[in-house]
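Heavy atoms only: backbone and side chains are in, while hydrogens, waters and symmetry mates are out. Sequence lines set the chain letters: A, B, ... in the order given, protein chains first and strands last, and positions in each chain run from 1.
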Protein chains: 2
Amino acid sequence: MDKLTDKQQRVLEFISGYTAENSFPPTLKEIASKFRVTIGTVQDHVNALKTKGYLERKKDIARGFRVVTGSEPKSSPALIPLYGNVAAGEPIFAADNIQGYVTMEKRKSGHHIHFALKVKGDSMTDSGIYDGDIVIVRKQDSAEDGDIVIALLDDEATVKTLRNRRIKAYLEASNSRYKAIINKPFQIIGKVIELRRAYG
Amino acid sequence: MDKLTDKQQRVLEFISGYTAENSFPPTLKEIASKFRVTIGTVQDHVNALKTKGYLERKKDIARGFRVVTGSEPKSSPALIPLYGNVAAGEPIFAADNIQGYVTMEKRKSGHHIHFALKVKGDSMTDSGIYDGDIVIVRKQDSAEDGDIVIALLDDEATVKTLRNRRIKAYLEASNSRYKAIINKPFQIIGKVIELRRAYG
DNA sequence: AGCTTATCCATAATTAAATATGGTGCTGCA
DNA sequence: TGCAGCACCATATTTAATTATGGATAAGCT
């Protein structure tokens with residue numbers, strides 16, 4: 001990347017700082033008045049920053065800046081809803097079942113829908129998942145052998161290990177006191193991608 | 001804060017996600033086309049989010065949204081350093097031992113120092129802490145009976161359960177194949193307040 | 001039944017913001 | 001000396017985006 005002039009540097013910093021403060025980037029006019037120059041001048045600066053690779057810009061888009069961060073991806077984390085445990089028969093993603101929100105690091109995965117669920121029961125203790133733990137789930141309707149999944153079974157959402165063997169798929173609890181669920185139909189809602197547990 | 005309806009929730013998530021992806025928030029029109037409704041409808045949703053306190057908005061400002069996260073309006077979630085496992089004798093908080101950063105929800109606790117540590121070994125498996133898990137630790141030099149702590153023992157940082165009984169304090173592994181550590185001097189570095197585990 | 005809230009519609013008016021065009025001086029440099 | 005890059009100006013045009021109005025339907029509450 002080319003080096004920036006003093007002025008260009010300051011403009012870039014202003015855009016970056018403004019965005020951090022307001023959660024949206026400035027307009028050309030705002031930049032102009034900050035540096036007491038005209039919009040035309042700012043156009044020049046912005047173009048320079050663009051061609052030098054420090055700034056991305058979308059055409060015809062108000063405040064359409066993105067400061068290209070060299071190394072650190074300062075992406076703000078996404079907020080996903082945390083659902084309480086679901087009793088049989090009730091809809092899973094009911095709005096009044098939302099117990100709070102959890103921040104999740106933005107991963108490159110991108111276009112998946114995520115949610116969090118509070119685990120109830122001890123059927124997965126052998127896999128280190130305990131009552132009260134929170135699992136973060138990526139919505140998907142299929143998974144692979146060995147994945148820990150959220151499955152809909154008798155209208156109830158449960159955490160289980162998916163077994164997808166030769167004959168047919170079944171669900172396995174990881175506490176030996178529980179039997180594997182083999183002969184019931186079930187539907188996979190999502191795959192557990194992260195576990196969180198809070199200590200007193 | 002009032003609870004959000006299902007639709008409002010989805011709108012809020014869209015705004016949050018769009019902003020994370022583009023570094024600037026969406027327009028009303030973009031929200032509208034995402035949900036296949038008209039701008040007028042989005043105005044209603046946005047106003048609802050505003051009055052319920054989940055969203056801030058500047059008047060007459062293009063893309064002037066700010067998603068209010070959790071309790072504090074301006075504080076973004078804290079980034080805390082993730083340290084790799086520490087070999088004996090080496091300084092624990094060395095800068096070149098930082099393996100990354102983890103976002104942590106801002107808690108009311110406030111004035112504590114936190115860090116994250118990658119767990120190595122299987123001495124805590126009976127408590128559901130496995131090799132490769134990440135623990136989030138609040139720095140403190142004492143703890144109570146039953147707390148899971150990071151202790152410095154022979155210049156090495158380990159995860160153990162603190163036992164603070166009548167006679168003296170000692171450290172207990174939660175895998176029965178390991179013995180409790182009773183007669184060695186140790187120093188408590190911090191208390192584990194959260195556990196995270198990523199699944200493939 | 002009357003009230004509130006949530007969800008939706010269509011359209012006009014207005015303002016915010018980006019873009020286009022064509023300039024002026026200055027500097028360093030080949 | 002002439003060219004290239006930088007920093008600046010002024011103004012007009014076009015498009016993006018917000019705001020304003022006024023209304024429709026359904027669900028839930030008292």
Report the distance from atom [atom1] of [X] to atom [atom2] of [N], rounded to the nearest whole Å.
{"X": "A:E56", "N": "C:dA18", "atom1": "CD", "atom2": "P", "result": "17 Å"}
{"X": "A:F24", "N": "D:dA16", "atom1": "CZ", "atom2": "C1'", "result": "16 Å"}
{"X": "B:L28", "N": "C:dA12", "atom1": "CG", "atom2": "C1'", "result": "16 Å"}
{"X": "A:I15", "N": "C:dA18", "atom1": "CD1", "atom2": "P", "result": "11 Å"}
{"X": "A:F35", "N": "D:dC9", "atom1": "CZ", "atom2": "C1'", "result": "18 Å"}
{"X": "A:R63", "N": "D:dT15", "atom1": "CZ", "atom2": "P", "result": "21 Å"}
{"X": "A:K29", "N": "C:dT15", "atom1": "NZ", "atom2": "C1'", "result": "10 Å"}
{"X": "A:E30", "N": "C:dA16", "atom1": "CD", "atom2": "P", "result": "11 Å"}

Heavy-atom closest pair, residues A:T19 and A:P25:
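It is OG1-CA, 3.4 Å.
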Hey, does [Y] have a side-chain heavy atom less than 4.5 Å from the side chain of [X]?
{"X": "B:Y199", "Y": "A:V135", "value": "no"}
{"X": "B:V42", "Y": "B:V11", "value": "no"}
{"X": "A:R196", "Y": "B:L195", "value": "no"}

Which part of the nucleic acid, if any, lies within contact of [X], taking any heavy atom under 4.0 Å across all strands shown: a base, the sugar-phosphate backbone alone, or nothing?
{"X": "B:T27", "value": "sugar-phosphate"}
{"X": "A:Q43", "value": "base"}
{"X": "A:I61", "value": "sugar-phosphate"}

Tell me whether the OP1 or OP2 atom of [N] has a side-chain N or O from [X] closer than 4.0 Å.
{"X": "A:T38", "N": "D:dC9", "value": "yes"}
{"X": "B:K59", "N": "C:dT15", "value": "no"}
{"X": "B:T41", "N": "C:dC9", "value": "yes"}

Let me spell it out: for each of B:D44 and A:R57, pick the nucleotide of DNA chain C with the closest heavy atom. Which residue's pick is nearer the 5' end?
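Nearest-nucleotide comparison on DNA chain C picks B:D44.
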Pick the closest DNA chain C nucleotide for B:H45 and for B:A62 by heavy atoms, then say which residue is nearer the 5' end.
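Upstream on the strand: B:H45.
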Kindly determine whether B:E144 and B:K191 satisfy salt bridge (charged side-chain N to carboxylate O under 4.0 Å, His left out), including the steps that lead there.
CA-CA 9 Å; B:E144 289 172 24; B:K191 174 186 170 182; over 6 Å; no
